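The structure under discussion appears below in the form of structure tokens.
Note on naming: letters A, B, ... go to the chains in the order of the sequence lines (proteins, then strands), and numbering restarts at 1 for each one. Quantities reported herein were computed from a predicted structural model and do not represent experimental measurements.
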2 protein chains.
Amino acid sequence: MAKGKTARPVTRIQREKREQILEAALDVFSANGFRGATIDQIAEAAGMSKPNLLYYFGRKDDIHKALIGRLLDTWLDPLRAIDPNGDPLSEIRAYIRRKLEMARDYPRESRLFANEILQGAPRIMDLLEGELKDLVDEKSVILRRWMDQGRLARVDPRHLIFAIWATTQHYADFDVQVRAVLGPDFSGEGRFDDAARLLDQLFLTGLAPKNARHGELAK
Amino acid sequence: MAKGKTARPVTRIQREKREQILEAALDVFSANGFRGATIDQIAEAAGMSKPNLLYYFGRKDDIHKALIGRLLDTWLDPLRAIDPNGDPLSEIRAYIRRKLEMARDYPRESRLFANEILQGAPRIMDLLEGELKDLVDEKSVILRRWMDQGRLARVDPRHLIFAIWATTQHYADFDVQVRAVLGPDFSGEGRFDDAARLLDQLFLTGLAPKNARHGELAK
DNA sequence: CAGTTTTTTGACCAGTTGGAAAAATGTTAG
DNA sequence: CTAACATTTTTCCAACTGGTCAAAAAACTG
């Protein structure tokens, strides 16, 4: 009943063009923010005229919504993947790795998200307070259990998650600053390996339970 | 010779109004980014008409430049304050504290900066590659010396600095997300104390030199 | 191929935005 | 008080922006 009529059967062209548009829009939105991006820019990047683009997405907002919606799914996957039955430090290490890979492989998505949050998250506040909060709460319980079992240093689990988000996404969101500071010699992908080493040291040593530092592991 | 004529003696009104404008502009720019902010918005926030505002700052760009310039000075102060003669872990701890305080007390400045970097730092690239890089390089030498002396775990000093920037500024730049995840109970300032505790644990334990973990301290 | 539907285009519009000009009003030093 | 200068307001404009609409062009269907 959603479409009113007998839902048109989405043509091949529709699928392709919509994909083109989203791809172009990701470029433009992530680089300029919502207000900074113009439909003309997106249309040009997608290789079509503005009215033509508007034939596929009725308004600017729709494109942005489609992007954000699509993003959030994959964005939270690494956190979802934390296994309550795994080894605490290994799980955290794996989580950091995955987040770092995402910053490396999907920097535009990260910046799109950062732009949105920076400007007060007007379009996704409900998601933050709902889905995201729930997921973090759920994983916090797991982390806290590990701490209770003495398998992880006792810290605030939610702030721990923030710290992981911050340090990993930094390499996508603040990329230009990172590059500028490291200098042109480091413009390769090596910085991600260096970052991984630092973060391992920081989080794995920093979070190792006290008794484990002498080799003993609590039940 | 900069002013052409015998440099006008900057009246009291000029000083006050410029201050008003910058204060208002910080609000508007930090919340909306450069392109997202309009002169009208800033003018209204500053309690004056648009043409009146333009009497003090000839163009939008000038306001933004003035803000950024002013910001960067204070922004880097905490890093400058790292004392080569201090105790490594204490210096790092103090640095984290200061950065966290800045995130708490000057979130708008942090977001202004974040907005600029996110969008490719078009206006301050030279500063990043110059002043900022130089300062980071200088402090990296100090950090590396501490590591050589066995007073600090061996990590990449520049990525260590990134990690401190990321984790502290996160509380300003991603404030809405942090609040959303923590929920309304934590809307007070307590989150900064919790963050400080986590970061202490993470950085101080994570960076303690190996031999120090058994109580011994290298010269 | 003729008819139908989908896609693309070109012209257009109303609202917003950055900014200019000039006239009007305030302020202040002499 | 008044001339000189500083400040403010009013009016205006050209460029840009999101979005509409009808007609033209393709694409598909039987």
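Atom CZ in Phe34(B) sits roughly 8 Å away from atom P in dG18(C) (whole-Å rounding). One interatomic measurement links the two molecules: CZ of Arg35(A) to P of dT16(C), which rounds to 11 Å at whole-angstrom precision.
Residue Gln14(A) places at least one side-chain N or O under 4.0 Å from the OP1 or OP2 atom of dT7(C).
Around the OH atom of Tyr106(A), the shell of radius 6.0 Å holds no more than 12 heavy atoms that belong to other residues, nucleotides or ligands.
A donor-acceptor contact shorter than 3.5 Å is absent between the side chain of Lys99(B) and the backbone of Pro78(B). Using a distance-only test at 3.5 Å, with no hydrogens or angles considered, no donor-acceptor pair links the side chain of Arg144(B) to the main chain of Pro157(B).
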Report, one line per pair, each donor and acceptor closer than 3.5 Å where one atom sits in a side chain of residues 121-130 of chain B; sequence neighbours left out.
from: Arg123(B); atom 1: NH1; to: Asp61(B); atom 2: OD1; distance (Å): 3.4

For residues 41-55 of chain A, dump all side-chain donor-acceptor pairs below 3.5 Å to protein atoms at least two apart in sequence or in another chain.
from: Gln41(A); atom 1: OE1; to: Thr38(A); atom 2: N; distance (Å): 3.0
from: Ser49(A); atom 1: OG; to: Asn52(A); atom 2: N; distance (Å): 3.3

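Closest approach to the Leu54(B) side chain among dG19(C), dT17(D), dT7(C) is made by dG19(C) (side chain taken as heavy atoms from C-beta onward). Of the candidate nucleotides dT17(D), dT8(C), dA6(D), dA6(D) has the atom lying nearest to any side-chain atom of Tyr55(B).
For Asn32(B), there are no side chain to side chain donor-acceptor pair (under 3.5 Å) partners two or more places apart in sequence or in a different chain. With sequence neighbours left out, the salt bridge (Lys or Arg N to Asp or Glu O under 4.0 Å) criterion links Arg80(B) to Asp77(B), Glu131(B).
A cation-pi arrangement is absent between Arg93(A) and Phe203(A) under the rule of less than 6.0 angstrom and at most 45 degrees off the ring axis.
At a non-hydrogen distance threshold of 4.0 Å, Ile39(B), Lys50(B), Pro51(B) from residues 39-53 of chain B come into contact with DNA chain C. Of the residues in residues 59-71 of chain A, none has a non-hydrogen atom less than 4.0 angstrom from any atom of DNA chain C.
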